[in-house]
Amino acid sequence: MHQSFGQEELTLDNFEPSGPAYLLLDKGLQFRITDAVNSLYNFDFATAERGFRVMEYQYPDHPLPYFLMGLSTWWKIAVDLENKRYDEVFIKQMDRTIEKAEKLYKKDPTNKEAAFFLSGAYGFQGRLYSERRSWTKATFAGKNAMKYLNLSKGDDELNPELLLGDALFNYFSVWIPENYPLLKPVVAFFPKGDKDLGLKQLEDVAQNAFYARVEAQYFLFRLYASEEKQPYKALAITDYLYNKFPNNPYFHRSHARHLYAVGRIAEAKDMSLEILRRIEAGWTGYESNAGRYAAFYIAQYNERTGDKSEAKKYYLKTLSYGEESESQESGYYLYSLIALGKMANEEKDKKKAKDYFNKVKKYAKRKHPAHKEARDYIKKNKL
């Protein structure tokens, strides 16, 4: 199921000739940095950042090269959001983007490109702060992102690059209060969004943007999978992204996940074996977080095909990767414990079985379905 999202390469066919005002629309620059942008998403950070540093040398007063350097750092964070080692560098890079964009904006308050970078940099900072549960900082960044997003609207020439922020706002301003009631007072500051319009705009950016295309696709497949309950649409996007950027561990594990979600479990298993091979070989970005996903899918495949010994081996690997990434509260970790507990009970090792189920109770929140399953199993089997 291979679906095209934009051009196979980051080409320039969708852009009208632009005036000299905005570097974002400079086709010559887009052509020159296509390899660098593709390298970023393919996790060849050295090549990508070398290209962005050349841009920085050519355009030292423009926010674009600093923004792209920050985007490169963001993808180092995205593969393992629990790891905070790049946080400080990333915040500084976005601060530098803001500093450069503010200078442009002060010179010309009608400069929509400057407003775009201010909105984007504050938006990215807000994403990180919200991941870190720094709600005050996230709110401040969000308000600034919204302020400049509104100022960057209304320039057809800069669409669809500018449309990404608009799309995310339209979707998430409705989604946040639905899913995080505590944040309703924060969202109350913002105008009302429109989720359907937000999805439509994301599709537009995913098809037509140059700089924002992959970011739009990233949001789209996540929304289709979790919020919109359209797993085949999510699968089509991850299929495209994995084939386009085969060395991106986030796209790799996401594609395996969506194959598993639609029941293509043998394919998910094969893809997962490759993920584990790359972790062992030390590929960039392939670490315990991806291993936890991959080992679980392999274990599930083996359990369903009746190979209990291999299933147990990979459930234990899931636990090992989960402990390495401190992800004991994740579903993969908890359901691996349950599977191992059931296997131990079938092997008449009630003590080991009880230990596994007690671990589920230790790590799962009481309302989590795994917690209830563990309680019920202990009771039913008199462990």
Side-chain angles (χ1 to χ4, degrees), residues 1 79-80 225 231-232 234-235 238-239 242 246 249-283 285-364 368-374 376-378 380-381 383:
M1 185 194 302
V79 285
D80 183 9
Y232 286 97
L235 178 62
T238 59
D239 181 47
Y242 170 67
Y250 190 89
F251 297 153
H252 195 166
R253 80 180 192 224
S254 296
H255 192 41
R257 180 181 188 173
H258 294 308
L259 286 166
Y260 174 80
V262 301
R264 289 164 61 177
I265 193 164
E267 291 167 85
K269 178 262 299 179
D270 291 342
M271 190 153 281
S272 297
L273 285 166
E274 176 60 18
I275 289 171
L276 295 190
R277 188 191 72 76
R278 292 182 184 190
I279 291 170
E280 284 163 20
W283 285 41
Y286 283 83
E287 36 56 61
S288 56
N289 212 24
R292 181 167 48 90
Y293 286 69
F296 184 81
Y297 303 142
I298 299 165
Q300 286 270 289
Y301 172 83
N302 283 298
E303 185 172 3
R304 291 184 195 187
T305 54
D307 191 336
K308 289 285 177 71
S309 170
E310 281 294 283
K312 185 189 288 189
K313 173 183 161 184
Y314 283 99
Y315 281 130
L316 287 168
K317 273 184 181 284
T318 307
L319 297 189
S320 175
Y321 283 125
E323 283 152 15
E324 191 182 328
S325 61
E326 297 183 353
S327 307
Q328 288 94 331
E329 292 180 8
S330 75
Y332 296 123
Y333 188 89
L334 297 172
Y335 285 107
S336 293
L337 287 172
I338 286 173
L340 288 165
K342 288 177 179 176
M343 287 178 186
N345 192 45
E346 286 163 13
E347 291 162 4
K348 307 289 188 253
D349 190 340
K350 286 193 174 288
K351 183 185 179 301
K352 187 181 274 189
K354 189 174 182 180
D355 287 345
Y356 280 128
F357 284 107
N358 280 336
K359 267 193 171 183
V360 176
K361 289 167 66 181
K362 176 183 174 183
Y363 290 118
H368 196 289
H371 197 290
K372 183 180 187 310
E373 189 172 344
D376 292 347
Y377 194 92
I378 288 170
K380 185 180 174 185
N381 294 274
L383 295 179

- Could you walk me through whether Glu310 and Thr305 pass the side-chain contact (heavy atoms from CB on, under 4.5 Å) check? CA-CA 10 Å; Glu310 281 294 283; Thr305 54; over 6 Å; no
- Give, for atom CZ of Arg257 and atom OH of Tyr250, the distance between the pair rounded to the nearest 0.5 Å. 7.5 Å
Please table the atom pairs, donor to acceptor, closer than 3.5 Å between any side-chain atom in residues 353-361 and protein atoms at least two apart or in another chain.
| from | atom 1 | to | atom 2 | distance (Å) |
| --- | --- | --- | --- | --- |
| Asp355 | OD2 | Lys351 | NZ | 3.3 |
| Asn358 | ND2 | Lys354 | O | 3.4 |

- Task: Determine, using ring centers only, whether Tyr260 and Tyr301 are less than 6.0 Å apart.
- Result: no
- Message: Between Gln300 and Tyr315, do the side chains contain a donor N or O and an acceptor N or O under 3.5 Å apart?
- Response: yes
- Query: Which residue pairs pass the salt bridge (charged side-chain N to carboxylate O under 4.0 Å, His left out) test with at least one member in residues 328-337, sequence neighbours excluded?
  - Reply: Glu329-Lys365
- Task: Write down the atom of Ser336, the atom of Leu319, and the distance for their closest heavy-atom approach.
- Result: CB-CD2, 3.9 Å
- Query: Can you name the nearest heavy-atom pair linking Pro246 to Tyr286, along with the distance?
  - Reply: O-OH, 3.7 Å
- Nearest heavy atoms of Ile279 and Ala290, plus distance in Å: CD1-C, 4.2 Å
- Item | Glu274 with Arg277: basic N within carboxylate O range, under 4.0 Å | yes
- Item | Whether Asn345 side chain and Gly341 backbone form a donor-acceptor pair below 3.5 Å | no
- Item | Nearest heavy-atom neighbours spanning Gly322 and Tyr333 | CA-CD1, 4.0 Å
- Note on the structure: Minimal heavy-atom distance between Ile298 and Lys269, with the atoms involved, is CG1-O, 4.0 Å
- Distance-only side-chain donor-acceptor flag, Tyr314 / Tyr297, under 3.5 Å: no
- Task: Output yes when a side-chain donor or acceptor of Thr318 lies under 3.5 Å from a complementary backbone atom of Phe296, and no otherwise.
- Result: yes
- Query: So does Lys372 have more than 12 non-hydrogen atoms from other groups sitting under 6.0 Å from NZ?
  - Reply: no
- Message: Distance check, rounded to the nearest 0.5 Å: Glu326 atom CD versus Asn289 atom CG?
- Response: 11.5 Å
- Message: Given 3.5 Å as the limit, does a donor-acceptor pair link the side chain of Arg253 with the main chain of Val79, or not?
- Response: yes
- State, yes or no, whether a side-chain contact exists between Arg278 and His252 at a heavy-atom distance under 4.5 Å. yes
- Message: If I take atom CD1 from residue Ile265 and atom CG from residue Asp270, how far apart are they, to the nearest 0.5 angstrom?
- Response: 11.0 Å
- Message: The criterion is salt bridge (Lys or Arg N to Asp or Glu O under 4.0 Å); which residues satisfy it with Lys342, sequence neighbours excluded?
- Response: Glu373
- For Tyr377 and Asn381, what are the C-alpha separation, side-chain angles and deciding distance, and is it a side-chain contact (heavy atoms from CB on, under 4.5 Å)? CA-CA 6 Å; Tyr377 194 92; Asn381 294 274; 3.3 Å; yes
- Item | Interatomic distance, Tyr293 atom OH to Ser327 atom OG [nearest 0.5 angstrom] | 8.5 Å
- Message: I'd like to know if the side chain of Ser320 reaches the main chain of Leu316, judged simply by a donor and an acceptor atom lying under 3.5 Å from each other, with no hydrogens or angles considered.
- Response: no
- Note on the structure: Applying side chain to side chain donor-acceptor pair (under 3.5 Å) to Asp349 and not counting sequence neighbours gives none
- Query: Shortest non-hydrogen contact from Ala256 to Ser272?
  - Reply: CB-OG, 4.0 Å
- Nearest 0.5 Å, what's the OH-CG distance between Tyr242 and Leu235? 13.5 Å
- Query: Are Lys313 and Asn302 close enough that some pair of their side-chain heavy atoms sits under 4.5 Å apart?
  - Reply: no
- Pairs in or reaching into residues 286-308: which pass salt bridge (charged side-chain N to carboxylate O under 4.0 Å, His left out), with residues at least two apart or in two chains? Lys308-Glu346
- Message: For Ser288, give me all partners under side chain to side chain donor-acceptor pair (under 3.5 Å), at least two apart in sequence or on another chain.
- Response: none
